Number of protein chains: 2
Amino acid sequence: MHRSAYDTMDKLLRMLKALADPTRVRIIQLLQKRDELCVCEIVDTLQLPQYSVSRHLGILKAAGLVVDWRQGKWMHHRLDPDLSKQDRAVVAAVCARADAEAVHRQDARRLRQHLRPRVKGEVVERKC
Amino acid sequence: MHRSAYDTMDKLLRMLKALADPTRVRIIQLLQKRDELCVCEIVDTLQLPQYSVSRHLGILKAAGLVVDWRQGKWMHHRLDPDLSKQDRAVVAAVCARADAEAVHRQDARRLRQHLRPRVKGEVVERKC
DNA sequence: GTGTCATATGCGCTTCTGTGCATATGATAC
DNA sequence: GTATCATATGCACAGAAGCGCATATGACAC
C-alpha cells in the first residue's frame with residue numbers, strides 16, 4: 001500500500017477545517033506564543049468549558065497541527081514540531097493575521113495570569 | 001455605528017471557512033496563477049457542474065477573497081486586489097502548500113487547454 | 001482499595017454545509 | 001418579441017460540526 005497524493009490533500013483540508021473555527025484559532029495562537037501549554041491553562045485563558053477545549057484540542061491533533069504528551073495528570077500540547085515548512089507557513093500566516101484581533105490580545109493577557117510556574121519546562125505547581 | 005473588532009475576526013473566519021473546501025482551494029489556486037478567469041473556464045478546468053462552481057465562487061466572494069465583474073455574458077473573477085497584506089499572506093501560504101498537490105498540477109494543465117483567447121485582457125472568443 | 005484532580009468522550013440535539021436538480025435571471029443575437 | 005448562451009439561485013435532502021450535559025478514564029495520594 002502506497003501513500004497517494006490524496007493523503008496530503010486531505011491533510012491540507014483537515015488543517016484548514018481545523019483552523020476555520022474561532023476557538024481553535026485562539027488555541028493555535030496561544031500555542032504559537034508559548035510553545036507548550038497544558039489543558040487547564042488553555043481552559044482558564046479562553047474561559048470556556050473544559051470539555052469544549054478538550055474537544056477542540058482533539059480536532060487540532062487529528063488535523064496534525066498539535067501534538068500532546070502526558071506529564072503526570074496534565075496533558076501538554078504544542079504545535080507539531082514536525083510540521084512541514086509549508087504547513088507551518090500556513091499556521092504562521094493565520095496567526096499573523098489573527099494577531100491584531102482584540103480577542104487575542106485579551107487572551108494573551110489572561111494567559112500570563114494563568115500560566116503555571118515551570119522549571120526547565122516542567123510544570124511545578126500542583127493545582128489547576 | 002462603528003466597526004467593532006468583531007468584524008475583522010468574522011472576516012478572518014469567513015476566509016478560513018471559505019478556504020476549507022477542496023473545490024474552493026482549487027479555484028483560488030487557479031485565480032492565483034491567472035489573475036482573472038471567467039466561470040466557464042473554471043467549470044471546464046475543474047470538470048464540475050456549472051452550478052457547483054457558481055456556488056463556490058459565491059462563497060469566495062462573500063468571504064471577501066474574490067471580486068467579480070461582468071463582461072457581456074461572462075462573469076470574470078479575480079482575487080480581491082484590495083485584500084490586506086495579511087489576508088493575502090494567508091492565501092499565498094495556502095496556495096504554496098497546495099501547489100505540490102497532484103490535483104492542482106492537473107488543473108493547471110487543463111486550464112491551459114480551456115483558457116479563452118484574450119486581447120489586452122478582454123476575452124475575444126465567443127463560445128464557452 | 002477510596003477519593004480527588006485533570007482530561008476525554010458518548011449521546012442527543014441543533015445548526016451549518018455541500019450537492020443535485022430544476023428553474024430563474026441577465027445579456028446578446030435575430 | 002423569441003432563442004440561445006452564460007451564470008445564478010430556490011428547494012429538498014444528507015452528512016458534518018459544534019454544543020451541553022453527564023459520565024468515563026487515567027494518574028496520583030492515601
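Given the structure is predicted, the values throughout are model-derived calculations rather than measurements. So that the names make sense, note that chain A is the first sequence line, chain B the second, and so on, each numbered from 1.
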Would you say the base of C:dA8 and the side-chain of A:Gln50 have a donor-acceptor pair closer than 3.5 Å? yes
Of all residues at least two apart in sequence or in a different chain, which pass the salt bridge (Lys or Arg N to Asp or Glu O under 4.0 Å) check with A:Arg110? A:Asp107
Residues of residues 51-68 of chain B with any non-hydrogen atom less than 4.0 angstrom from an atom of DNA chain D: list those, numerically ordered, please. B:Tyr51, B:Ser54, B:Arg55
Rounding to 10°, can you tell me the angle the first-five-pair axis of the helix from C:dG1-D:dC30 to C:dC30-D:dG1 makes with its last-five-pair axis? 10°
Only counting residues at least two apart or in another chain, list the ones meeting side chain to side chain donor-acceptor pair (under 3.5 Å) with A:Ser84. A:Asp87
Does any residue of residues 15-34 of chain B have a heavy atom under 4.0 Å from DNA chain C, and if so, which ones, in number order? B:Lys17, B:Asp21, B:Arg24
Partner set under salt bridge (Lys or Arg N to Asp or Glu O under 4.0 Å) for B:Arg78, not counting sequence neighbours: B:Asp35
Any disulfide bond (SG atoms under 2.5 Å apart) pairs touching residues 40-110 of chain A, not counting sequence neighbours? A:Cys40-A:Cys128
Counterpart residues, salt bridge (Lys or Arg N to Asp or Glu O under 4.0 Å), relative to B:Asp80 (two or more places apart): none
Applying side chain to side chain contact (heavy atoms under 4.5 Å, CB included), name anything that partners A:Lys33, two or more places apart in sequence or on another chain. A:Gln29, A:Asp99
Mind checking side chain to side chain contact (heavy atoms under 4.5 Å, CB included) for A:Val43 and listing every partner two or more places apart, or none if nothing turns up? A:Val39, A:Gln50, A:Val53
Using side chain to side chain contact (heavy atoms under 4.5 Å, CB included) as the criterion, list what pairs up with B:Thr23, not counting sequence neighbours. B:Asp21, B:Ile27, B:Leu46, B:Leu48, B:His56
With sequence neighbours left out, write down each residue that passes side chain to side chain contact (heavy atoms under 4.5 Å, CB included) with B:Arg34, or none if nothing qualifies. B:Leu37, B:Leu111, B:Arg112, B:Leu115
